[in-house]
There are 2 protein chains.
Amino acid sequence: MLVKDPVYLQLNKQLRDRLRGMAGQSGARFLTERQISAEFGVSRATANKALSNLVAEGLLEFRKGLGTFLRKPALDYDLQALVSFTGKARAAGKEPSTRLLQFKIQDAASIRGEVLKHLGDPPDGSLCFIQRLRLADGQPVILERRYVLGRFCPGLSAEDLLGSLYDLWTERYTLPIAGAEQTIQAVNLRAKEAQLLEAPCGSAAFLVISTGYLQPRQPLWWEQTLYRGDAYEFHNFLGPVRPAAPATGALRP
Amino acid sequence: MLVKDPVYLQLNKQLRDRLRGMAGQSGARFLTERQISAEFGVSRATANKALSNLVAEGLLEFRKGLGTFLRKPALDYDLQALVSFTGKARAAGKEPSTRLLQFKIQDAASIRGEVLKHLGDPPDGSLCFIQRLRLADGQPVILERRYVLGRFCPGLSAEDLLGSLYDLWTERYTLPIAGAEQTIQAVNLRAKEAQLLEAPCGSAAFLVISTGYLQPRQPLWWEQTLYRGDAYEFHNFLGPVRPAAPATGALRP
DNA sequence: TATAGCCGGTGGCTAAGCCACTAGTCAACC
DNA sequence: GGTTGACTAGTGGCTTAGCCACCGGCTATA
């Protein structure tokens with residue numbers, strides 16, 4: 001971009017950053033027009049224009065004579081909150097825990113084609129299979145079955161798998177997770193799955209088939225994960241111009 | 001409403017009306033700030049604020065040195081594909097059809113509070129209840145139960161409900177649909193629902209609870225809709241920087 | 001103690017003006 | 001004739017200065 005953005009758009013970005021820092025503080029007071037005017041060195045009119053756009057987007061709310069305030073809990077742009085069960089459970093005020101059911105290194109040759117199709121044949125031919133049960137306040141919520149490319153988890157041990165895999169990769173391996181593709185289906189739990197999730201056999205669940213990426217074209221894992229239907233729900237917003245947050249899963253209230 | 005709305009909000013409404021009259025003329029020129037300032041008797045700053053909000057909503061586009069222009073409705077077609085079953089079915093190569101199960105006008109007083117909470121109490125107190133079965137190639141896929149604000153569907157007849165409601169509003173009423181909020185749950189079908197959807201009793205389904213909006217804060221409908229789990233799935237992409245595509249539903253292959 | 005009124009701060013809005021940018025015109029030049 | 005370049009009118013971007021209506025807390029009064 002050769003030409004600089006107009007001031008009010010730059011301001012908009014900065015205010016949005018500021019807003020993100022205040023995420024969750026629903027109803028809290030935001031900066032006033034006059035504060036912004038002074039702090040950023042722009043006119044009140046420009047400050048108002050930038051604020052006004054944020055109001056139009058539903059992030060803020062004007063209250064005449066009082067100030068501008070955060071509307072609903074600011075949208076979570078944090079990927080961790082989107083993909084990490086640990087984070088989501090804590091956000092819902094529940095204590096997350098994990099029961100490791102299975103953990104083994106397999107040769108790619110012994111894996112059925114569907115898995116490899118999503119991961120691309122790994123050159124070293126090793127894949128890591130992880131089956132975990134995720135619990136919130138002791139209640140089973142998620143049955144996770146995941147294949148991970150072996151070369152991205154050297155020296156992985158069973159103890160490492162008791163917490164957030166998201167944290168594991170971003171912190172220990174310092175491999176930033178770029179995103180995940182999900183296909184969400186509604187299925188009836190089979191006997192074995194129901195038993196593990198401590199739910200009635202045949203009860204409804206989400207089956208989330210998902211590929212996780214390190215970089216846009218570098219797959220890291222492929223998973224087939226069951227979410228108890230009575231404990232989980234997804235939220236989504238369809239619209240042309242909303243600050244399009246992707247669909248987010250959350251523990252049902 | 002005891003207090004009058006701020007001028008820029010009133011202006012916003014009037015401009016929106018004007019915009020509606022120009023629907024379809026993509027790329028056409030809209031009023032300039034100075035024209036609005038003269039015609040409506042407001043200051044240029046106020047005119048700009050009202051325009052700016054419409055720009056933020058994606059309806060208009062600023063071009064420095066030229067004027068404000070209608071945006072191309074490319075995104076609009078996207079939205080149609082997202083909310084319209086008719087569109088999705090055709091995209092999957094199946095022939096959509098509709099069986100109208102129920103259609104009645106009700107008084108708001110007779111509606112349980114949950115519905116009104118999402119729609120806001122309509123001043124004229126009339127609500128339209130629509131129950132439809134949507135089929136793809138003759139197979140029932142969706143059981144739709146929807147409440148619509150009566151004042152946005154004057155003269156609605158049963159015949160109107162056999163096609164796409166999305167088309168109905170955008171074309172016949174020329175009321176642009178701005179978006180929809182969705183909560184997606186996994187549930188077991190009850191006997192009556194299963195019978196209508198021609199699925200086994202207790203089989204898994206999506207329950208999508210959704211509020212549709214005309215403008216960011218103007219609800220149009222609230223629906224509680226069942227999707228056969230074996231016929232439908234949702235796709236989603238989680239990531240920090242994505243092409244702004246929300247989760248989309250699609251007929252299962 | 002309770003109330004009426006003041007006062008500082010807020011967003012709403014106007015006015016007047018300058019800037020950078022765009023497109024069209026039109027005269028001057030090759 | 002065709003091209004170039006200056007000029008001009010009109011546009012959104014942005015600032016400054018100022019007044020208004022509104023809100024809530026403080027204060028002085030009854």
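Predicted, not measured: the structure shown is a model, and the values here were computed from it. Chain naming here is simple, since letters A, B, ... match the order of the sequence lines and numbering starts at 1 in each.
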* To do: For the pair B:Phe206 and A:Phe206, name the ring-plane relationship: parallel under 30°, tilted 30 to 60°, perpendicular over 60°.
  => tilted
* Could you state the CG-P distance from B:Leu9 to D:dA21, rounded to the nearest angstrom? -> 19 Å
* Can you name the side chain to side chain contact (heavy atoms under 4.5 Å, CB included) partners of A:Leu9, sequence neighbours left out? -> A:Asp5, A:Pro6
* To do: Examine the base of C:dG11 for any acceptor or donor lying under 3.5 Å from a partner atom in the side chain of A:Arg34, and report the outcome as yes or no.
  => yes
* Nearest-Å distance for atom pair CZ/P, residues A:Arg29 and D:dC23 -> 14 Å
* Asked: Hey, can you pull the residues of residues 44-53 of chain B with a non-hydrogen atom under 4.0 angstrom from DNA chain C?
  -> B:Arg44, B:Ala45, B:Thr46, B:Lys49
* Asked: Atom CG of B:Asn12 and atom P of C:dG12: how far apart are they, to the nearest Å?
  -> 13 Å
* **Inter-residue atom distance B:Leu60.CG - B:Leu70.CG, 0.5 Å rounding** => 6.0 Å
* To do: Could you pull out all residues at least two apart from B:Gln106 that satisfy side chain to side chain contact (heavy atoms under 4.5 Å, CB included)?
  => B:Lys104, B:Ser110, B:Ile111, B:Phe129, B:Tyr147
* Asked: Any side-chain N or O of A:Thr32 less than 4.0 Å from the OP1 or OP2 oxygen of C:dT10?
  -> yes
* **A:Lys64 NZ to D:dC20 P, straight-line distance once rounded to whole Å** => 13 Å
* To do: Measure the distance from CD on B:Glu33 to P on D:dG12 and round it to the nearest whole Å.
  => 5 Å
* To do: Using whole Å, report how far CG of A:Leu66 lies from C1' of D:dC23.
  => 5 Å
* **All side chain to side chain contact (heavy atoms under 4.5 Å, CB included) counterparts of B:Gln224, not counting sequence neighbours** => B:Arg112, B:Leu207, B:Ile209, B:Trp222
* Contacts of type ring-ring contact (aromatic ring centres under 6.0 Å, His included), residue A:Phe69, not counting sequence neighbours -> none
* To do: Return the nearest nucleotide to the side chain of A:Phe62; candidates are D:dC23, C:dG11, D:dG13.
  => C:dG11
* Structure fact -> To the nearest angstrom, the CZ-C1' distance between B:Arg63 and C:dA20 comes to 18 Å
* To do: Could you tell me the separation between the CD1 atom of B:Ile36 and the P atom of D:dG12, rounded to a whole number of Å?
  => 8 Å
* Look at the side-chain N and O atoms of B:Tyr8 and state whether any lies under 4.0 Å from the OP1 or OP2 oxygen of C:dG12. => yes
* **Comparing A:Ser43 and B:Phe30 on DNA chain D - which has the more 5′ nearest nucleotide** => B:Phe30
* Asked: What residues form a side chain to side chain contact (heavy atoms under 4.5 Å, CB included) with B:Glu159, not counting sequence neighbours?
  -> B:Ser157
